[in-house]
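These notes are about the structure you will find just below.
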Amino acid sequence: MAKINSNYLKLAAGYLFPEIARRVNAFTSENPDAAAKLIRCGIGDVTEPLPESVRGAMHAAIDEMGTPEGFHGYGPEQGYGFLREAIAKNIYNDRGINISDDEIFVSDGSKCDSANILDIFGEGNTIAVTDPVYPVYVDTNVMVGNTGDAGNNGGYEGLVYLECNATNGFVPAIPSFPVDIIYLCYPNNPTGTVATRDELTAWVTYAKKHGSVILYDAAYSAFIQGENIPKSIYEIEGARECAIEFRSFSKDGGFTGTRCAYTVVPKDLMGKTDDGKDQSLHSLWARRQSTKFNGVSYVVQRGAEALFSDQGKAEVSKLISGYMENAKLLTDACTALGLDVFGGKDAPYVWVRCPEGVSSWEMFDKMLNEAQVVITPGSGFGAAGEGYFRISAFNSKEKVEDVCKRIAALA
Ligand code: MLT
């Protein structure tokens, strides 16, 4: 009899977004008339069409693939040189950050990479996550057996939860004890808030002192508007020796359906072997990817490369401005209702405190039943998210304006 991975049985509930979809489907089948009015501001999925520069590059790549000279079979698992070089130059080197193209691993998503990275870490690490948190970091640690069972508040035994709240600006306090692996995500999903240079410097200092690795999710960094907010952990001195960075074309380039992302593992970054020797994490991740991953398709990588052309940059900037204008409209609508609003200035997520005495899921139901707007309940991101909800600004302006009117009507 085949034995299962019983860690999966510890998972408290379905993954948050399928659970929301289940509830929305139940609502729409019971209320077919209301269903037609539904506006989805739950999952952070882009809505605007793929940029013309990307489509042009992908068409050209398809035509190339139709010729004997231009055909591409298996590509390099780490990504084609043309894309890694474009990333190194545009995202890092042109901003004065020292990352070389062979430290970049192109992939099909930051969600997958932030999950798969656990393959190169051993058992027995102390792992810290923020609370609230992007649920993938937690669930994947449960799946590989890095935690105990779920407790009453939905948290798992064995994980260190670092509370983020309005008082600490949604950036957790540095722990007073060592942890081995820390997940940080800024601009933050779900709170839409950012970490300052001083805050990130404190984390890098802590990680270097304790030999910890920071898993830094920067998937939303292109949305940062503030002048002095770091767009990469590698803007902080010393981060090359303690951080892995995940980035994606999903949200800024509109690639959620097209799939292309990348992870940076600097060559200076070391982990420890069982007998206490330094081991390069870069070489372990290269080994992992070349064994378990076939790379992203040539056509998609040519599309991603086009985002760094002049036309591509202009198109990305327009997409981002549109989503950030939406975030401002949503912020203003919730503020006008008398609610406390966070985030939304440097990220496409608006994080809102529920009215006094209303829980996150009650707010979800109220928005669904009374306004036909789908939001994400804060408690789905962890115990500290209870009493909040998240609105995604990824939508057309027209729909966001409609959402704002419906929010105003809730008053
Ligand atoms: C979210 O809504 O939090 C995101 O869409 C999740 C993701 O990008 O995987």
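Just follow the structure's listing: the first ligand is 1, and inside any ligand the first atom is 1.
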Distance filter under 4.0 Å to Asn189 heavy atoms, resulting ligand 1 atoms
1 (C), 3 (O)
Would you mind writing out the side-chain donor-acceptor pairs for residues 84-97 within the sub-3.5 Å range, not counting sequence neighbours?
unit_1: Arg84; atom_1: NE; unit_2: Gly79; atom_2: O; d: 3.0
unit_1: Arg84; atom_1: NH1; unit_2: Asp101; atom_2: O; d: 3.2
unit_1: Arg84; atom_1: NH2; unit_2: Gly79; atom_2: O; d: 3.4
unit_1: Lys89; atom_1: NZ; unit_2: Asp94; atom_2: OD2; d: 2.8
unit_1: Asn90; atom_1: OD1; unit_2: Lys313; atom_2: NZ; d: 2.9
unit_1: Asn90; atom_1: ND2; unit_2: Ala86; atom_2: O; d: 2.8
unit_1: Tyr92; atom_1: OH; unit_2: Glu245; atom_2: OE2; d: 2.6
unit_1: Asn93; atom_1: ND2; unit_2: Ala88; atom_2: O; d: 3.4
unit_1: Asn93; atom_1: ND2; unit_2: Ile97; atom_2: O; d: 3.0
unit_1: Asn93; atom_1: ND2; unit_2: Ile99; atom_2: O; d: 3.0
unit_1: Arg95; atom_1: NH1; unit_2: Ile91; atom_2: O; d: 3.3

Please work out whether any backbone atom (N, CA, C, O) or any side-chain heavy atom from C-beta onward of Tyr349 is under 4.0 Å from ligand 1, and answer side chain, backbone, both or neither.
side chain
Tell me which part of Ile43 gets within contact of ligand 1: side chain, backbone, both or neither, using heavy atoms under 4.0 Å.
both
May I ask you to check whether Tyr349 and Tyr220 place their ring centres under 6.0 Å from each other?
yes
Check ring-ring contact (aromatic ring centres under 6.0 Å, His included) between Tyr137 and all other residues, then give those that pass, not counting sequence neighbours.
Tyr134, Tyr183
Taking atom types as modelled, is there a side-chain donor on Tyr298 or Glu64 under 3.5 Å from an acceptor on the other?
yes
Donor-acceptor contact present, side-chain Lys251 to main-chain Ala222, <3.5 Å:
no
Counting only N and O atoms by type, is there a donor-acceptor contact under 3.5 Å from the side chain of Glu163 to the main-chain atoms of Ala384?
no
Return yes or no for this condition: an N or O of Gly42 is under 3.5 Å from an N or O of ligand 1.
no
Polar atom proximity, Asp45 to ligand 1 (N or O, under 3.5 Å):
no
Using a 4.0 Å cut-off to any heavy atom of Phe17, which atoms of ligand 1 qualify?
1 (C), 2 (O), 3 (O)
Under a 4.0 angstrom heavy-atom cut-off, which atoms of ligand 1 come close to Lys251?
4 (C), 5 (O), 7 (C), 8 (O)
Is Tyr134 in polar range of ligand 1, meaning some N or O pair under 3.5 Å apart?
yes
